[in-house]
Amino acid sequence: MEEIITGCPFDCGGSCPLLAHIDEGKVKRLSPVEEADSQAVPASGPVPGSHLGIPAFAGMTDSLRPCARGLSQVERIYHPERLLYPMKRTGQRGEGKFQRISWGEALETTASRLRYFSDKHGPESILNLRGTGSLDGILHRTGALADRFFNCFGGCTTTRGIISFEGASFAARNSFGLVPAPPGPESLMKSRLVIMWGINPSETVFGTNTSYYLALAKEAGVKFIFVDPRYSDSAAALADRWISILPGTDTAMLIAMANVIIEENLFDRSYLEKYTSGFEEFKGYCLGIKDGRPRNPEWAESICGVRAEVIANLARDYASTKPADLRGGWAPGRTAFGEQFHRACIALAALTGNIGIPGGGPGCWVSQNFSHTLGVTAVTVLESPLRKKTVLTWRWADAVLRGTAGGYPSDIKMIYSLGGNRLNQCADINRGLEALKKVEFVVVQDQFMTPMARFADILLPASTHFEREDIQTPHNSGHYLIYNHKVIEPLGESMSDLEILTRLAERLDIQGFNTKTEQEWLREFMSKSPVNVDELKAKGLFRSGSSPGQVPLQEFIADPQKNPLPAPSGKIELSSQAMAQKKRPLLPSVPQYIEEWEGPKSELAGKYPLLLVTTHSRKTVNSTFDNISWLRELEEHTAWINPVDAGARKIKEGDLVRVFSQQGELSIKARLTERIMPGVVGIDQGAWYQPDEKGIDRAGSVNVLCKDTVSPAEASATNAILVEISREGK
Amino acid sequence: MQLGFYFDQQRCTGCGTCVVACKQWRYLPAGPASLCRISTIESGKYPRVQVSHLFLSCYHCGNPACVTACPAEAIRKRAADGIVVVDRDLCIPGCRSCLHACPYKAPQFQDENSKMVKCDLCLERFQGGKQPLCVVSCPLRALDTGPMEEIVRKYGGVSHVTGFPNPSRTRPSVIFRARNLLTTPL
């Protein structure tokens, strides 16, 4: 059998190499690329290195290991339900009835529809509804290719915003003026305390090898405190302490911690003076100087369910243990006022002087593909024409349904969906269904018949990354390049996203979309790298001996005069000047706890008294992999319910239950567990929507329950949803 | 020489990468037969809960119950390295005596009519100087294999943890770093 190194480029937060074992033109099995295989390719020039002075730690050069999802892909490549041929709809839209057609017909129909709607209603009548698809390659990046295509086409309506962490980006932009990457593993090793707030990397990854580095850190004596409504797998593995908190109320607890730190003089005064602005205003809010309402632990307890004493002790521990890394996950930011959570994390990190120092952390960061690792470049989207409009990704259905009459920039007539399952993954599936029924034409380009693909008029079969060639860069941490070899020929008549769009561009007589061969592109993107592309191709993996030394904002802290932050004041803004100017009451200048719409104290909670968190499972990458039986059999898809809540509803372990909200209903098995706090229900997101004849989802697809209202900073609010549960048949 | 396992229960997050890595490596489709399995034990009451995971496989016992139980003498323990292997040509479908005898439920069956399949410590890889798939794929490096003398010397550890059947009868070739269940989260 031949062994060839390739990659795994999904939107999981990591970017891993895989060793494919090939026989007779088929992938037979996969394995990790082991230490012995990862020979560093000597670079042909100076390699950017650890200029930030943080030494490597033992274990850092250990093999980059994929997860269960990555290793399950033989099933995914050869899945009986892979889309292999172009198809056109025969029954009603959404029925899922299709017939096979030729590529010629599929491309001609798609091209003519694009031309038709563009000519008649303007290119903005076409919605470029792309997902992340293939993410970490420098050439075959689904989203970037889609954008590039439509920019060459002359315009479209596309989607903006990143559903994972919009609140975090907003908070970082308005506090720092930039959006940091996470602290790297070398920094983690220097922490004395890590607070994991709404983050579960044992399941969600966050950088290849992150779970391993966290385990090493723990063994080196780093203390871990988890704040989460659930005792997640990460908490179970790492927590020295678990604090359970009501979803949607995290900001209250953070503000109360700030209150304690300020009241008890535990903050780093010289750090605040040198590196931040707006402390007095923030202090005024926390202490209730103007309105006489100190936001102290007692105040927070009544909101978040955490005892005042626990809040105060955490504040003291955090402030007195240095360096400490407050890791604000994105889950608490996906709530009604989620951006306030992230801003409060930043404020606490600033108060304690932990931003920009090894072992500390900025409190708030986003996922980043390091597409310029080792001098590499990547495919660009080219310039946007004037006729390009945007709508918020998770309001795509609302935009389709209400159009210009609803204040949107365009009236959508046609949807082109690639590498995405937005119907399934955005809040309020029922509205998504309405939107898909309303538009005049739907093209879906995908590898599988997802719930989104069922609504296509034309289906275009895309190949997997095993079936074409690319170079992959790291995601969130690491300093390496993977040669994503093409290991097999495309299955059936499937083609890569790039190939499909190239042929479409040719039909449409569009210039400039794809002007090189695949190899020419890869060579061009590698042309400025000190790593030799032919050697990388031969070896499959290059790991730099040195590290990028990831300590976000370290340069600013090292010399704030020479390296001011892009924020208007040049400093970390506890009071955001941009927000102060905009004067929007729900986007105050300093981080504030704002009571959630539809929170546990609202009127609606009378009818729906439980709070749903839509967690992320080790079995899927969002909705990718939901159809893989090796993963499905690891653990049944269930709703986590505390036995107290279950008992009150006469629900027993394994019972089929209805979970319902104001938006919709799903059916799922109940898992009674002490690992979730009373008042909260946990269901993993990503299950493929499967309505029965009554319109009740039988797959347990959480977005039927979620509301598509957004936070003031436009964050998607898919956590802390009010629901009720009852036994099926009741 | 007796080959065996080291399992670090403190590091294990129960992610199941070992389970999938092994199954796909051994060409086993989804179904009841998994050559290694993770068993999760949850105890305590909210908020004082405890979770530990157990890596279950064949432990190539010093005194394997399956070998004596098999009426067809299909299972034998290799002299050179102590790995317990089954000769599927001799195995009687539907018999399952080995499964009834094994305290760790190591013998696996895809359906009622299939022959027994079990972990063989990736014998084929071992002969090429490589570690089994479970070991090389564990993201936490919570698994190791090797001669038990070396494993014991390298890791110390205990031969029994909560939820693991009593090792004294069959003498499984495994050493654990036990999860400290006395750590009570606040």
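So you know, we letter chains A, B, ... as the sequences are listed, proteins then strands, and number each from 1. Values reported hereafter were calculated over all heavy atoms of this structure, with side chains retained and with hydrogens, waters and symmetry mates removed.
- Distance check, rounded to the nearest 0.5 Å: CG of B/Leu90 to CD1 of B/Ile75 gives 10.5 Å.
- Neither the backbone nor the side chain of A/Glu635 comes within contact range of chain B, judged by heavy atoms closer than 4.5 Å.
- B/Gln24 touches chain A through backbone and side chain together, each having a heavy atom under 4.5 Å away.
- Using modelled atom types, one finds a donor on one side chain and an acceptor on the other under 3.5 Å when comparing B/His53 with B/Thr40.
- Counting heavy-atom pairs closer than 4.5 Å to chain A, the top-ranked of the candidates B/Gly14, B/Ala142, B/Ala21 is B/Gly14.
- Contact annotation for A/Pro643: neither backbone nor side-chain heavy atoms come within less than 4.5 Å of a heavy atom of chain B.
- Sorted by first and then second residue, the side-chain hydrogen bond (donor to acceptor under 3.5 Å, both in side chains) pairs with a member in residues 636-647 of chain A read A/Glu636-A/Lys669; sequence neighbours excluded.
- Ring-plane geometry between B/Phe176 and B/Phe164 is classed as perpendicular, the angle between the planes exceeding 60 degrees on a 0 to 90 degree scale with a lower cut at 30.
- Of the two parts of A/Glu203, neither the backbone nor the side chain holds a non-hydrogen atom closer than 4.5 Å to a non-hydrogen atom of chain B.
- The candidate with the highest count of non-hydrogen atom pairs below 4.5 Å against chain B, out of A/Asn209, A/Ile225, A/Leu30, is A/Leu30.
- Interface remark: B/Leu140 contributes backbone and side-chain atoms alike to the contact with chain A (heavy atom separation under 4.5 Å).
- Residues of residues 71-79 of chain A that come closer than 4.5 Å to chain B, counting heavy atoms only, are A/Leu71, A/Ser72, A/Val74, ordered by residue number.
- Heavy-atom pairs under 4.5 Å with chain B were tallied for A/Lys28, A/Lys619, A/Arg675; the largest tally goes to A/Arg675.
- Side-chain contact annotation: A/Ser31 with A/His21, donor-acceptor N/O pair under 3.5 Å present.
- Atom SG in B/Cys36 sits 9.5 Å away from atom NZ in B/Lys23 (nearest 0.5 Å).
- Heavy atoms closer than 4.5 Å to chain A are found in the backbone of B/Gln10, but not in its side chain.
- The neighbour count for A/Glu653 CD, taken as heavy atoms of other residues, nucleotides or ligands under 6.0 Å away, is above 12.
- A distance of 12.5 Å separates CG in A/Leu216 from NZ in A/Lys218, rounded to the nearest 0.5 Å.
- Minimum interatomic distance between A/Leu634 and B/Cys15 (heavy atoms only, all atoms of both residues): CD1-O, 4.0 Å.
- Checked against a 6.0 Å centroid threshold, the rings of A/Trp242 and A/Phe226 do not count as neighbours.
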Determine, stepwise, if the pair B/Asp8 / B/Arg141 fulfils salt bridge (charged side-chain N to carboxylate O under 4.0 Å, His left out). CA-CA 8 Å; B/Asp8 187 338; B/Arg141 283 78 172 163; over 6 Å; no

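- For chain A, the nearby parts of B/Val136 are the backbone and the side chain; heavy atoms of each come within less than 4.5 Å.
- For B/Ile38, no part lies near chain A; criterion is any non-hydrogen pair under 4.5 Å.
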